[in-house]
Amino acid sequence: MEQFRTDILALLTGILTCGSLTASGQQQFSEIRLNQVGFYPEGAKKAVVPGKASGNFYITTPNLSDTLYTGNLGAELKSLHSGKTTRVADFSTFRQSGTYVLLVPGQGYSYPFEVSQEVYQEMTKAAIKAFYFQRASTDLEEEHAGQWSRPAGHPDNKVLVHASAASKKRPEGTVLACSKGWYDAGDYNKYIVNSGITTATMLSAYEDFPVYFNTLNLQLPESNNTLPDVLDEALWNLRWMLTMQDPEDGGVYHKLTTANFEGMSTKPSEASAPRYVVKKSTAAALNFAAVMAQASRVFRKYDKEMPGFADSSLVAAKAAWKWARKNLVLYDQSEMNKQYAPAINTGAYGDKDVSDEFDWAATELYLATKDDSYYKAIKAMPHKSMDLPSWGQVRFLGYFSLARHEKELTPAAKKNYPKLKAALIAFADQLVQAGRRHPTKYRWEAMRMILCGEAMPWPETRELH
């Protein structure tokens, strides 16, 4: 009670000295770190409070008029990287839906946040539809793009084979049609290795939660067809990826690009620089093989809507795998530019170690075919060190695919699965422990929740049994 009186006195002092404490007032303290989007009612809810604060914290209405929860700040923690002192405010037991702020007497209050069972619904839609706005080769109509509507850019129906990519049947200057696909993060080029991990993530999301995605309407041009919208969007890039494979040998061009980055002020519809497919690479072929194998699994149930697509995707995946096994070609742009013109000075996405790409591609082909020869091609099961996925480190994608499809494994894979599962759980535990030691890393707790099927943010869950 004494602490409560002290806290109220501090609050009243703040009101008297700084004016009205409203959500838009001067007492908002942006250094209180929490999920500004919000939390699930049954999920974990934590904030990180910097400085010398101690004692109680409060969950209040946005106008600070009603206090709905009182908690104690945790023990003092020091960041190894910044030297900052922080404490954690854990209000996981607060489960009432609504919009709130977190108040720390003497410090101020947080940005508003929401507690809701559908707290991430709009963010989910926005995250996926962001790729629609990145589409090449199509008009973005106002009906679907709103204020971001624009004319089509880069039809990519006259893409040139760069000297580095020339072959006997496709000599330098050969004109290819390579439309669709997504623009990269900050330029108008299209890359296999980094759009591959994105497409795979979207396909994995659908594999895990088909019921959810079957009804998620993103207001895409294709929303009225019978495919889920998330697959419609993934398909826009898959169609482009398929054009990047040389049908003569199965190799995959590393990227589709201009020689130099086009200026940021150049609108897509006004860009006119020549575009090329450049050198085939092992990394591109293996990324392609993994994604197409996964696509063959996902689109198999839509044979009626897309006859033959699953089969052709698997054929393409196998051809790319076969090429990669025969050709170790690491993409080195500086070396390439010494031999061929024009020089290419856009994002290289080079990778000096493709062992993880081999493991990922072998895993996805195994799951698509149940052919143990692909499973036996996986070199590390599990690898001695775990890494979260990125465009340059994709081994974990294969591991997680095996975990998600545990019940479908053949005896050879089932035999080794307990060891892999133990390694995945141990890795997740490491991330959780790191988050507990360093409060700015609490986001990693989600990894353990995903791996163990705890408090998943979707209508259905998968568990590692």
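When reading the values below, keep in mind they use all heavy atoms of this one structure, side chains included, and skip hydrogens, waters and symmetry mates. Sequential numbering from 1 along the given sequence is applied to the chain's residues.
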| request: Please step through side chain to side chain contact (heavy atoms under 4.5 Å, CB included) for the pair Asn189 and Phe261, ending with a clear verdict. | output: CA-CA 8 Å; Asn189 303 313; Phe261 288 117; 3.9 Å; yes

| task | Please step through side chain to side chain contact (heavy atoms under 4.5 Å, CB included) for the pair Met306 and Leu235, ending with a clear verdict. | result | CA-CA 11 Å; Met306 301 179 61; Leu235 191 60; 3.5 Å; yes

| task | Show the numbers, then the answer: is there a side chain to side chain donor-acceptor pair (under 3.5 Å) between Ser334 and Asp332? | result | CA-CA 6 Å; Ser334 60; Asp332 187 328; 2.9 Å; yes

| message | One pair to check against side chain to side chain contact (heavy atoms under 4.5 Å, CB included): Asp66 and Thr60. What are the steps and the verdict? | response | CA-CA 5 Å; Asp66 294 310; Thr60 78; over 6 Å; no

| Can you list the steps and then say if Gln294 with Ser204 is a side chain to side chain donor-acceptor pair (under 3.5 Å)? | CA-CA 8 Å; Gln294 188 176 14; Ser204 295; 2.9 Å; yes

| task | Carefully, step by step, assess Thr199 and Trp240 under the rule side chain to side chain contact (heavy atoms under 4.5 Å, CB included). | result | CA-CA 12 Å; Thr199 309; Trp240 166 71; over 6 Å; no

| task | Walk me through it: do Tyr188 and His154 pass the test ring pair (Phe, Tyr, Trp, His ring centres under 6.0 Å)? | result | CA-CA 8 Å; Tyr188 294 147; His154 301 93; 5.1 Å; yes

| message | Under the criterion side chain to side chain donor-acceptor pair (under 3.5 Å), I'd like the reasoning laid out for His405 against Glu207: C-alpha separation, chi angles, the key distance, then a yes or no. | response | CA-CA 10 Å; His405 295 276; Glu207 280 190 296; 3.2 Å; yes

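Scanning all heavy atoms of the two residues, the minimum distance from Tyr349 to Val193 falls at CB-CG2, 3.5 Å. Leu242 and Ala316 get closest at one heavy-atom pair: CD2-CB, 3.9 Å. Shown here for Asp156 and Lys190, the closest heavy-atom pair between the two residues is OD2-NZ, 2.7 Å. When all heavy atoms of Ser92 and Ala44 are compared, the pair lying nearest together is OG-CA, 3.5 Å.
Going from atom CG of Leu238 over to atom CZ of Phe309 covers 5.0 Å, rounded to the nearest 0.5 Å. Taking CG of Asp232 as the start and CG of Asn225 as the end, the distance is 4.0 Å to the nearest 0.5 Å. Taking CZ of Phe113 as the reference point, atom CG of Leu102 lies at 6.0 Å (rounded to 0.5 Å). Taken to the nearest 0.5 Å, the OG1 atom of Thr86 stands 8.5 Å off from the CD atom of Glu76. To the nearest 0.5 Å, atom CG of residue Leu73 and atom CG of residue Asp90 are 11.0 Å apart. Between atom OH of residue Tyr191 and atom CG of residue Asp184 there is a gap of 5.0 Å, rounded to the nearest 0.5 Å.
Side-chain atoms of Ser223 and Asp229 include a donor-acceptor pair closer than 3.5 Å. Between the side chains of Asn214 and Tyr206, at least one donor N or O lies within less than 3.5 Å of an accepting N or O. A donor and an acceptor atom, one from each side chain of Tyr132 and Gln134, are nowhere located under 3.5 Å apart. Side-chain atoms of Tyr40 and Glu118 form no donor-acceptor pair, as typed in the model, at a separation below 3.5 Å. When only modelled atom types and interatomic distance are considered, Thr70 and Asn56 share no side-chain donor-acceptor pair under 3.5 Å. Thr346 and Lys255 share a donor-acceptor pair across their side chains, judged by distance under 3.5 Å alone.
At least one side-chain heavy atom of Val252 sits under 4.5 Å from a side-chain heavy atom of Ile192. A heavy-atom distance below 4.5 Å is not found between the side chains of Arg150 and Asp139. In this structure, Val88 and Val49 have side chains that are not in contact, with every pair of non-hydrogen atoms separated by 4.5 Å or more. Side-chain contact check for Ser296 versus Met292: every heavy-atom pair is 4.5 Å or farther apart. Considering only heavy atoms from C-beta on, Phe29 stays 4.5 Å or farther from Val104 through its side chain. Side-chain contact between Trp182 and Thr198: present, with at least one pair of heavy atoms (C-beta onward) separated by less than 4.5 Å. With contacts defined as side-chain heavy-atom distances shorter than 4.5 Å, the pair Tyr58/Leu68 does not qualify. Taking the side chain as every heavy atom from C-beta outward, Asp387 and Ser385 approach each other to under 4.5 Å.
Shown are Phe91, Phe39, Phe94; of these, the ring pair (Phe, Tyr, Trp, His ring centres under 6.0 Å) with Tyr100 is made only by Phe94. Partner of Tyr375 under the side chain to side chain donor-acceptor pair (under 3.5 Å) criterion, out of Thr363, Asn416, Thr410: Asn416 alone.
Within the structure, every pair that satisfies the salt bridge (Lys or Arg N to Asp or Glu O under 4.0 Å) test and touches residues 120-131, not counting sequence neighbours, is listed here: Glu122-Lys125.
Although no hydrogens or angles enter the test, the distance criterion places no donor-acceptor pair under 3.5 Å between the side chain of His254 and the main chain of Gly350. Of the possible polar contacts, one joining the Asp359 side chain to the Lys379 backbone as a donor-acceptor pair under 3.5 Å is found. Side chain of Asn35 to backbone of Gly38: a donor-acceptor contact under 3.5 angstrom is found. In terms of modelled atom types and a separation under 3.5 Å, the side chain of Ser269 and the main chain of Gly153 share no donor-acceptor contact. With hydrogens and angles ignored, the 3.5 Å screen pairs no side-chain donor or acceptor of Lys419 with any backbone N or O of Lys415. A distance-only check finds no donor-acceptor pair linking the side chain of Asn237 to the backbone of Ala234 [under 3.5 Å]. Side-chain N or O atoms of Asp356 include one that pairs as donor or acceptor with a backbone N or O of Val394 at under 3.5 Å. Under a 3.5 Å cut-off, the side chain of Asp371 and the backbone N or O of Leu365 do not form any donor-acceptor pair. Judged by distance alone, the side chain of Ser116 and the main-chain N or O of Ser97 form no donor-acceptor pair under 3.5 Å. Side-chain atoms of Arg95 do not come within 3.5 Å of backbone N or O of Glu42 as any donor-acceptor pair.
More than 12 heavy atoms of other residues, nucleotides or ligands shown are found within 6.0 angstrom of NZ on Lys301. Within 6.0 Å of NZ in Lys370 there are more than 12 heavy atoms belonging to other residues, nucleotides or ligands.
Salt bridge annotation for Arg297-Glu364: present, with a cationic side-chain nitrogen under 4.0 angstrom from a carboxylate oxygen. Comment: Asp208 engages Arg404 in a salt bridge, judged by a side-chain N to carboxylate O separation of less than 4.0 angstrom. A salt bridge links Glu31 with Arg33: the distance from a Lys NZ or Arg NE/NH1/NH2 to an Asp or Glu carboxylate oxygen falls below 4.0 Å. With respect to Arg135 and Glu233, a salt bridge is recorded, a charged nitrogen being found less than 4.0 Å from a carboxylate O.
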Can you list, pair by pair, the side-chain donor-acceptor contacts under 3.5 Å of residues 141-148, counting residues two or more places apart and other chains?
from, atom 1, to, atom 2, distance (Å)
His144, ND1, Gln219, O, 3.3

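A cation-pi arrangement, defined by a distance under 6.0 Å to the six-membered ring centre and an angle within 45 degrees of its axis, is absent between Arg395 and Trp360. Under the 6.0 Å distance and 45° angle rule, Lys180 counts as a cation-pi partner of Trp236.
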